[in-house]
Amino acid sequence: MKTQLKRIGKMKFSLPPIYFLIFTILSGCMTKHNFSGEYHLTGVHEMASAFNFNPDGKFEFYLVYGAMDRNASGTYTVDGDTIKIHSDKEAGNDFAIVNQRQEGTGYTIRILNENSILASNVLCFYFVNGQQFEAYSDSDGLIKIDAPVCEKIYVQHMLFADVASLIKDDTNANNYFELNLRPEIQQVSFKGIDFFIDGDALTCLPNYFLPMENIRFERSSR
């Protein structure tokens, strides 16, 4: 009897191959998030926004805030609890340089747009000796920088915030620039913005596009 017990103690139990396969499949289903569907922004006054994530890996997005409309489309991937957005829009390309030259001293940037609201809401980042400074367009779309030398100059629209557009690097000797707004400025690139799965909701950290705290998109029950 003791010999039989010793033999039983040394026996190794293993699942038959078919049961092991079923167990593996079920485990993968339990850990994979099934989050496709519509998600609507909550808790932001007078702002309507939503994502629609399709099971085929594509998404659509819209945002309405007063007279401002934004949209995006593209694909997405999932990395654990993180959703990475890959918009069709090219980031950092909201402005087109239509004219540039050397003229006078300092730097001059003109936003060419008949709509004074669009022309007057542009933020400029410029770098002098590695330090970052800011300037804003006036009601005529004019930005003046008094610095004698700027290594880099970026512009970003404050109403259609996205990744800032580089208009001058350290190899460009011009100091006068005329810019047009590209039609794609209404779209969102989502570059560098990740969303996180939180139950039946998606969250993200404050960013250049949605700078507020506690951003939350709740899944629609429809």
Side-chain angles (χ1 to χ4, degrees), residues 37-54 58-76 83 85-99 108-126 134-145 153-167 177-195 201-222:
E38 292 186 12
Y39 291 78
H40 293 264
L41 181 66
T42 61
V44 182
H45 188 56
E46 296 182 350
M47 181 180 288
S49 182
F51 279 99
N52 182 29
F53 291 99
N54 298 312
K58 297 180 180 179
F59 81 93
E60 297 88 29
F61 169 83
Y62 78 85
L63 180 144
V64 178
Y65 183 56
M68 182 186 68
D69 292 351
R70 306 291 303 271
N71 64 83
S73 61
T75 61
Y76 66 91
I83 301 175
I85 303 294
H86 313 286
S87 176
D88 293 331
K89 178 186 177 180
E90 179 184 354
N93 196 33
D94 284 338
F95 295 82
I97 301 175
V98 297
N99 186 17
T108 300
I109 302 168
R110 291 186 180 275
I111 311 300
L112 305 178
N113 199 287
E114 295 179 355
N115 187 324
S116 61
I117 295 177
L118 293 178
S120 63
N121 280 279
V122 176
L123 171 62
C124 173
F125 303 96
Y126 62 97
E134 296 180 357
Y136 296 86
S137 59
D138 63 15
S139 58
D140 295 320
L142 181 65
I143 301 172
K144 294 290 292 184
I145 300 173
I153 299 177
Y154 294 83
V155 288
Q156 181 185 55
H157 208 285
M158 294 185 290
L159 298 181
F160 298 96
D162 210 310
V163 176
S165 301
L166 176 66
I167 64 168
F177 302 87
E178 292 181 351
L179 310 179
N180 271 340
L181 305 182
R182 295 186 184 274
E184 297 85 0
I185 197 169
Q186 286 188 288
Q187 300 174 17
V188 186
S189 73
F190 286 105
K191 183 177 180 179
I193 303 175
D194 291 335
F195 288 82
L202 303 177
T203 65
C204 71
L205 298 174
N207 53 74
Y208 56 81
F209 173 52
L210 295 170
M212 64 284 291
E213 298 282 347
N214 302 317
I215 302 166
R216 190 174 182 86
F217 287 81
E218 295 282 354
R219 187 173 186 173
S220 174
S221 58
R222 292 181 299 174

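The shortest distance between side-chain heavy atoms of Tyr136 and Val122 does not fall below 4.5 Å. Two residues are said to be in side-chain contact when any heavy atoms from C-beta on lie closer than 4.5 Å; Asn93 and Glu184 fail this criterion. At a threshold of 4.5 Å between non-hydrogen side-chain atoms, the residues Leu210 and Ile193 do not count as touching. Using a 4.5 Å cut-off on side-chain heavy atoms (C-beta onward), Glu213 and Pro206 make contact.
The structure places CE of Met212 at 8.5 Å from CG of Asn207, a figure rounded to the nearest 0.5 Å. Glu178 CD to Asn99 CG: the interatomic distance, rounded to the nearest 0.5 Å, is 4.5 Å. To the nearest 0.5 angstrom, Asn52 atom CG is 8.5 Å from His40 atom NE2. One distance of note links CG of Leu202 with CZ of Arg216; it measures 9.0 Å at 0.5 Å rounding. Rounding to the nearest 0.5 angstrom, the gap separating the CD atom in Glu218 from the OG1 atom in Thr203 is 10.0 Å.
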Quiz prompt | Candidate pair Ser49 and Phe61, rule side-chain contact (heavy atoms from CB on, under 4.5 Å), full reasoning | solution = CA-CA 7 Å; Ser49 182; Phe61 169 83; 3.1 Å; yes
Exercise. Apply side-chain contact (heavy atoms from CB on, under 4.5 Å) to the pair Val155 and Phe177, showing each step before the final yes or no.
Key: CA-CA 11 Å; Val155 288; Phe177 302 87; over 6 Å; no
Quiz item: Please walk me through it: do His157 and Asn121 pass side-chain contact (heavy atoms from CB on, under 4.5 Å)?
Solution: CA-CA 6 Å; His157 208 285; Asn121 280 279; 3.9 Å; yes
Exercise. May I have the step-by-step check of side-chain contact (heavy atoms from CB on, under 4.5 Å) for Asp162 and Tyr208, ending in yes or no?
Key: CA-CA 6 Å; Asp162 210 310; Tyr208 56 81; 3.7 Å; yes
Quiz item: Taking it one step at a time, do Phe51 and Phe190 satisfy ring-ring contact (aromatic ring centres under 6.0 Å, His included)?
Solution: CA-CA 12 Å; Phe51 279 99; Phe190 286 105; 5.6 Å; yes
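Residues Asp94 and Ser165 have side chains that never bring a donor and an acceptor to within less than 3.5 angstrom of each other. With no hydrogens or angles considered, no side-chain donor-acceptor pair links Glu60 and Asn71 at under 3.5 Å.
No donor-acceptor pair under 3.5 Å is formed between the side chain of Arg219 and the backbone N or O of Ala201. With Ser137 contributing its side chain and Ala119 its backbone, the two residues share a donor-acceptor pair below 3.5 Å. Side-chain atoms of Arg110 never come within 3.5 Å of backbone atoms of Leu142 as a donor-acceptor pair (strictly under, hydrogens ignored).
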Distance-only donor-acceptor pairs under 3.5 Å for side chains of residues 111-118, two or more places apart:
unit_1: Asn113; atom_1: OD1; unit_2: Asn115; atom_2: N; d: 2.9
unit_1: Asn115; atom_1: OD1; unit_2: Ile117; atom_2: N; d: 2.9
unit_1: Asn115; atom_1: OD1; unit_2: Leu118; atom_2: N; d: 3.4

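Salt bridge annotation for Asp88-Lys58: absent, with no cationic side-chain nitrogen under 4.0 angstrom from a carboxylate oxygen.
Exactly one of Tyr39, Phe53, Phe59 qualifies for a ring pair (Phe, Tyr, Trp, His ring centres under 6.0 Å) with Tyr76. That residue is Phe53.
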